[in-house]
Amino acid sequence: SAVISQKPSRDICQRGTSLTIQCQVDSQVTMMFWYRQQPGQSLTLIATANQGSEATYESGFVIDKFPISRPNLTFSTLTVSNMSPEDSSIYLCSVQQTGDYGYTFGSGTRLTVV
Amino acid sequence: EDQVTQSPEALRLQEGESSSLNCSYTVSGLRGLFWYRQDPGKGPEFLFTLYSAGEEKEKERLKATLTKKESFLHITAPKPEDSATYLCAAKSGGDMRFGAGTRLTVKP
């Protein structure tokens with residue numbers, strides 16, 4: 001299965017600033033998924049990123065707050081903009097596994113906004 | 001609305017004490033039921049995919065089963081290194097919906 005490198009692994013940020021999270025995959029993939037995992041809660045899909053097209057956002061998430069780039073088939077970034085303490089969470093990128101509907105996940109970015 | 005519910009939220013076992021984790025789902029057109037293990041500070045690690053009722057899969061001390069309404073993750077003679085949060089997810093159409101997880105602690 002694919003190997004995903006995600007960085008940073010954690011960060012503490014001031015409110016009102018932005019943080020960009022990077023995900024690098026060791027193979028070419030069509031779709032990359034960005035999730036948020038709040039403490040004690042399930043993973044929530046933020047958006048699906050396809051190379052060469054605009055990301056598709058889930059209900060409750062907007063491009064101005066979570067802009068996504070997908071410049072090629074192995075890389076994507078998620079930016080958390082104008083952060084507030086409510087954005088404190090773990091952010092995860094993932095890709096679908098070959099030959100299976102399961103997903104492979106990056107190691108996650110633990111974001112704390114103060 | 002599609003839903004995935006896991007129980008219990010937390011489970012504490014003694015080493016060697018077998019038990020089961022439950023995942024109840026209501027999705028239309030299930031395309032797969034997935035189990036993941038998540039260690040603190042890490043992303044979920046894929047364990048199993050189950051596609052149809054009656055299917056079973058095993059890996060070391062773990063065995064996953066699937067019915068039309070729920071899935072079980074059976075842990076036989078667990079060890080402290082099995083301590084983690086176990087997530088299940090159901091996929092229908094293009095949507096993967098996750099449960100909140102069961103936090104398992106195995107005491108030596």
Side-chain angles (χ1 to χ4, degrees), chain A residues 1-11 21-25 30-50 55-61 76 78 89-112, chain B residues 1-11 21-27 29-52 55 57 59 64 66 71 73 84-104:
Chain A
S1 59
V3 175
I4 302 176
S5 298
Q6 183 174 342
K7 57 182 182 181
S9 58
R10 60 177 59 227
D11 207 342
I21 302 167
Q22 299 180 4
C23 266
Q24 179 75 51
V25 188
T30 305
M31 291 190 292
M32 292 181 72
F33 307 94
W34 287 97
Y35 281 88
R36 182 172 72 183
Q37 186 178 27
Q38 295 180 306
Q41 297 190 25
S42 60
L43 278 70
T44 301
L45 182 64
I46 298 171
T48 302
N50 291 316
T56 303
Y57 289 82
E58 298 299 306
S59 176
F61 298 96
S76 180
L78 169 76
S89 189
I90 297 173
Y91 293 85
L92 296 149
C93 63
S94 69
V95 301
Q96 186 166 327
Q97 299 173 159
T98 303
D100 190 282
Y101 287 123
Y103 290 179
T104 297
F105 285 86
S107 55
T109 297
R110 182 181 295 273
L111 170 62
T112 303
Chain B
E1 183 182 330
D2 294 348
Q3 279 195 329
V4 177
T5 305
Q6 290 188 247
S7 61
E9 291 184 12
L11 181 63
L21 283 55
N22 176 264
C23 172
S24 298
Y25 65 92
T26 25
V27 300
L30 182 73
R31 297 180 73 180
L33 188 292
F34 307 89
W35 283 96
Y36 294 86
R37 169 188 171 129
Q38 186 173 24
D39 293 299
K42 296 188 177 181
E45 175 190 347
F46 172 77
L47 292 173
F48 304 109
T49 306
L50 302 167
Y51 291 106
S52 56
E55 190 174 358
K57 288 193 176 173
K59 180 180 180 180
L66 181 65
S71 177
L73 184 66
T85 296
Y86 291 85
L87 301 169
C88 74
K91 187 175 178 71
S92 64
D95 192 23
M96 176 84 78
R97 189 167 295 272
F98 284 83
T102 293
R103 188 173 64 255
L104 174 66

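What you see is a predicted model; the values in this text were computed from it and never measured.
- Residues Ser42(A) and Gly99(B) come closest through the heavy atom pair CB-O, 3.0 Å.
- In the displayed structure, Glu9(B) atom CD is contacted under 6.0 Å by at most 12 heavy atoms of other residues, nucleotides or ligands.
- With a threshold of 4.5 angstrom between heavy atoms, Gln6(B) does not approach chain A through any atom at all.
- Between the CG atom in Leu43(A) and the CZ atom in Arg97(B) there is a gap of 12.0 Å [rounded to 0.5 Å].
- With sequence neighbours excluded, the residues that form a ring-ring contact (aromatic ring centres under 6.0 Å, His included) with Tyr35(A) are Phe105(A), Phe98(B).
- With sequence neighbours left out, the side-chain contact (heavy atoms from CB on, under 4.5 Å) criterion links Arg110(A) to Arg10(A), Ile90(A).
- By number of non-hydrogen pairs under 4.5 angstrom with chain A, the leading residue of Gly41(B), Pro44(B), Gly43(B) is Pro44(B).
- At most 12 non-hydrogen atoms from other residues, nucleotides or ligands lie less than 6.0 angstrom from NZ of Lys7(A).
- Checking side-chain atoms of Tyr36(B) against main-chain N and O of Tyr103(A) turns up a donor-acceptor pair under 3.5 Å.
- For Gln37(A), the part lying under 4.5 angstrom from a heavy atom of chain B is the side chain only.
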